[in-house]
Amino acid sequence: MALIRDELRSIISKALKNGLSLSDDFEPEIEIPTIAQHGDYATNSAMVLAKTLKKNPREIASKILEFIEAQNPDILERVEIAGPGFINFFIRSDAFSSVLPIIYEQGKAFGKTDIGKGRYVQVEFVSANPTGPLHVGHGRGAAVGDALARILESCGYRVHREYYINDVGKQMTILGRSLYLRYLEVLGKAIDFPEDHYRGDYMKDLAQKFFKEMGEKYLNTPEEEALPICTKYAAENILEGIKKDLEDFRVSYDEWFSEESLHRGGAVEKAIEQLRNRGFIYEQDGAIWFRSSLFGDEKDRVIVRSNGAKTYFAADIAYHWNKIERGFDTIINIWGADHHGYVPRIKAVVDALGLNPERLKVILVQLVNLLRGGQPVAMSTRAGEFVTLREVMEEVGVDAARYMFLTRRSDSPLDFDLELAKAQSSENPVYYVQYAHARISSLFEVGRERGVTLDLKKAMSNLNHLKEPQEIQLMKLLGEFPFVLRKSAEYLEPHRIPYYLHDLASTFHTYYNHHRILTEDENITQARLALAGAIHTVLKIGLELIGLSAPDKM
RNA sequence: GCGCCCGUAGCUCAGCUGGACAGAGCGUCGGACUUCGAAUCCGCAGGCCGCAGGUUCGAAUCCUGCCGGGCGUACCA
């Protein structure tokens, strides 16, 4: 037993091979026409081939058609050539039910594929500086990265989730000093808190905590001695908070990678050496430059300043050298769109270090435009004006927040209105999908109370009773899931999953409102229960893929 | 100035990997619960797909130019 789409693919491929002597590497495009009159599926292969074969598309189509009919496949009702050269397939209505035994056989593994073939993929995401709590923008990156990781895993990739901690540099010094000043303030000293320091209330809270643990120990310590301690304390505490936030947002990591470890271990020098050996390093005006312009960047970049200090970019070179050394087949960086100018230079780095730059994928997640009642909310970590991810989680819930983040393409800016998210919470689309799941759970519960349970053997021999158009539609949709999942992984687009789930839930709700599942006819009941159960399974799989709960009761 | 992203229904967004009449949610208005969950369903209204050219059998989709919005453009991180 195979899915209809797979069968069609092999039928078409066979016809192309036998009829047009095409090699196997031509992948026929199979789509679902928007209009039912155009069949259940259609392929544009004849028109695509018309260009290379230099023949009339309809002529090619009729050739293909001839070889399709020669196979006499039993899933086909009929095949037609239409319009400029489409081949439309009308599937026998009793063929769609083949998806149900497959779902029951595979269970939670339904939809999984091995297109990844065990390739090792790193997904680096969030990677916010440990200078303050995560805000909503980070939440979007977290939701996208985590969903993507789950999707890739279910498509046969080996996934490594990583967070890069920028625990070095000027902002760390400022962080330490911010804590130190707030600490002195707690001890009653008058302080002058600079404009460019971290002004958020969380620093005051942290100072209180610091004071409780340390007492007045650092009151009279010289500033240069106290600062490293303050920096370390602040960074560790804030990072712990970030970890907790992400954990509560249902995001997990395999590795927390410290930038500082690169400097400490000499990796930055080694990476520069790598570039130097390859001839991409030169000195000018007392600074050390990387010839990134050779690889498509608009200009060369400084990696060691004339004062001897390494730039952030130097560490990033070392970090990506490290990634390459770890043997990832694909490196995926999920960045905020404000870093887009950085893409060419980091591509240049991997290119210069000998890795095909195609193997580095940078997903730019557009900024979250936070609104409250239609009014923009200013966001600045330093000024302490922002809405944290934790506040959003608490206000609208993890499920709703994640769904909100994931129902948009990453490269589309997102308006996130807190008032709206709260006000519409009971009509939020996320509940629509979850409701379908809960409804089916409840349905089985009612069945049990009435002594009706799904008898798989019996159900499977009664699938011929599923012939209502809505039932056909549902089975067709169920069969699409593996392909949606595959495309989602292929294009690194998690938003395809929630859209699919909404479609499936919607079709089910319609069906549910028009037909009874627990009927007087035992055979029909069994068949319909099998259908409902399969939908239940796919909804659950899909919800988990994007990190949402699949409740049995709401 | 240059570069990247975005512009689709009143609002928020899919469709952008060329396919056949442009979709969904919210919102408006009107209907459906003594029967498996009404957080649901059914129906009405709503569009020069930013504008103008081009490529193609075929363009919301690709190319060029323009207009609007966002972001970036450091020997900052």
Side-chain angles (χ1 to χ4, degrees), chain A residues 29 31 33-35 37-38 42-44 47-48 50-51 56-58 82-86 88 129 131 166 168-172 174 259 284-289 298-299 301-313 315-316 336-344 364 366-367 369 374 404 407-417 420 423-436 438-447 449-450 452 487 490-491 493 495-496 498-499 502-503 505-506 508-519 525 528-529 532 553-554:
Chain A
E29 200 61 43
E31 56 195 21
T34 44
I35 305 162
Q37 282 75 29
H38 292 151
T43 182
N44 61 359
M47 289 178 294
V48 174
K51 276 168 192 156
N56 182 309
R58 286 192 70 108
F86 287 101
N88 295 338
N129 292 351
T131 54
N166 297 122
V168 182
K170 201 167 91 185
Q171 90 276 6
M172 296 311 294
I174 293 176
E259 176 184 357
Q284 189 182 306
D285 305 330
I288 297 178
W289 298 70
E298 59 184 32
K299 53 176 277 198
R301 306 290 171 178
V302 167
I303 52 182
V304 181
R305 287 182 269 158
S306 50
N307 67 4
K310 297 182 185 71
T311 62
Y312 172 83
F313 184 49
D316 235 10
D338 53 342
H339 288 77
H340 73 259
Y342 216 72
V343 176
L364 295 172
Q366 285 292 330
L367 302 187
N369 201 7
M404 190 81 108
T407 45
R408 270 120 181 119
R409 294 172 61 87
S410 299
D411 52 12
S412 180
L414 162 60
D415 279 349
F416 195 118
D417 194 314
L420 228 59
Q424 295 179 354
S425 61
S426 64
E427 288 157 11
N428 192 307
V430 66
Y431 299 110
Y432 184 85
V433 176
Q434 292 179 321
Y435 184 59
R439 229 178 186 183
I440 297 171
S441 299
S442 164
L443 175 70
F444 276 87
E445 185 57 38
V446 171
E449 283 164 13
R450 296 184 193 172
V452 182
K487 289 282 182 196
E490 206 174 318
Y491 295 117
E493 292 179 346
H495 74 276
R496 290 165 183 258
Y499 276 94
H502 190 275
D503 196 7
S506 166
F508 172 72
H509 282 312
T510 296
Y511 172 59
Y512 185 89
N513 274 277
H514 289 87
H515 300 281
R516 296 191 64 76
I517 287 163
L518 303 172
T519 64
T525 301
R528 290 183 175 179
L529 275 178
K553 285 195 178 106
M554 297 173 64

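Chain naming here is simple, since letters A, B, ... match the order of the sequence lines and numbering starts at 1 in each. Below, each value reflects all heavy atoms present in this structure, side chains not excepted, and no hydrogens, waters or symmetry copies.
- In this structure, A:His502 has its ring center under 6.0 Å from that of A:Tyr432.
- The side chain of A:Tyr511 contributes no N or O atom lying less than 4.0 Å from OP1 or OP2 of B:C42.
- Spacing between B:G50 and B:A59 at atom P, rounded to whole Å, works out to 15 Å.
- When every heavy atom of A:Val433 is checked against every heavy atom of A:Ala505, the shortest pair comes out as CA-CB, 4.0 Å.
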Quick one: what's the B/S/- string for nucleotides 17-24 of chain B, heavy-atom cutoff under 4.0 Å, read 5' to 3'?
B-BBB--S
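- Base pairing in RNA chain B yields stems of at least 3 consecutive Watson-Crick or G-U pairs, both distances under 3.5 Å, namely B:1-7 with B:67-73, B:10-13 with B:23-26, B:29-32 with B:40-43, B:50-54 with B:62-66.
- Among the atoms of the strands shown, base atoms are found under 4.0 Å from some heavy atom of A:Tyr512.
- For B:C11 and B:C51, the C1' atoms lie 23 Å apart once the distance is rounded to whole Å.
- Glycosidic conformation at B:C51 (O4'-C1'-N9-C4 for purines, O4'-C1'-N1-C2 for pyrimidines): anti, more than 90° from 0.
- Comparing the same atom, P, in B:A74 and in B:G27 gives a spacing of 46 Å after rounding to whole Å.
- With sequence neighbours excluded, the residues satisfying side-chain contact (heavy atoms from CB on, under 4.5 Å) with A:Ala337 are A:Gln366.
- Comparing the same atom, P, in B:G3 and in B:C66 gives a spacing of 10 Å after rounding to whole Å.
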Tabulated below should be each protein N or O lying under 3.5 Å from an N or O of nucleotides 7-12 of chain B; please produce it.
residue : atom : partner  : partner atom : Å
B:U12   : O2'  : A:Arg408 : NH2          : 2.2

Could you walk me through whether A:Val304 and A:Trp289 pass side-chain contact (heavy atoms from CB on, under 4.5 Å), step by step?
CA-CA 7 Å; A:Val304 181; A:Trp289 298 70; over 6 Å; no
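- In this structure A:His495 satisfies the side-chain contact (heavy atoms from CB on, under 4.5 Å) test together with A:Arg409, A:Glu493, A:Tyr499, sequence neighbours excluded.
- Looking at which nucleotide of RNA chain B each of A:Leu364 and A:Arg516 is closest to, the 5′-most match is held by A:Leu364.
- A distance below 6.0 Å separates the ring centres of A:Tyr512 and A:Phe508.
- Using atom C1' as the reference point in both B:C63 and B:G25, the two lie 34 Å apart (nearest Å).
- If you check every strand for non-hydrogen atoms under 4.0 Å, A:Ala438 touches a base.
- A:Thr407 comes within 4.0 angstrom of sugar-phosphate atoms only, judged by non-hydrogen atoms across all strands, and of no base.
- Look at A:His515 and you won't find any side-chain N or O under 4.0 angstrom from OP1 or OP2 of B:C36.
- Comparing B:G10 with B:G46, their P atoms are spaced 11 Å from each other, to the whole Å.
- When the P atom is used for both B:C6 and B:U64, the distance is 14 Å, rounded to whole Å.
- Between B:C48 and B:G7, the two C1' atoms lie 15 Å apart (nearest whole Å).
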Would you mind building the protein contact string for nucleotides 70-77 of chain B? One character per nucleotide, 5' to 3', B for base within reach (heavy atoms under 4.0 Å), S for sugar-phosphate only, - for untouched.
-BSS-BSB
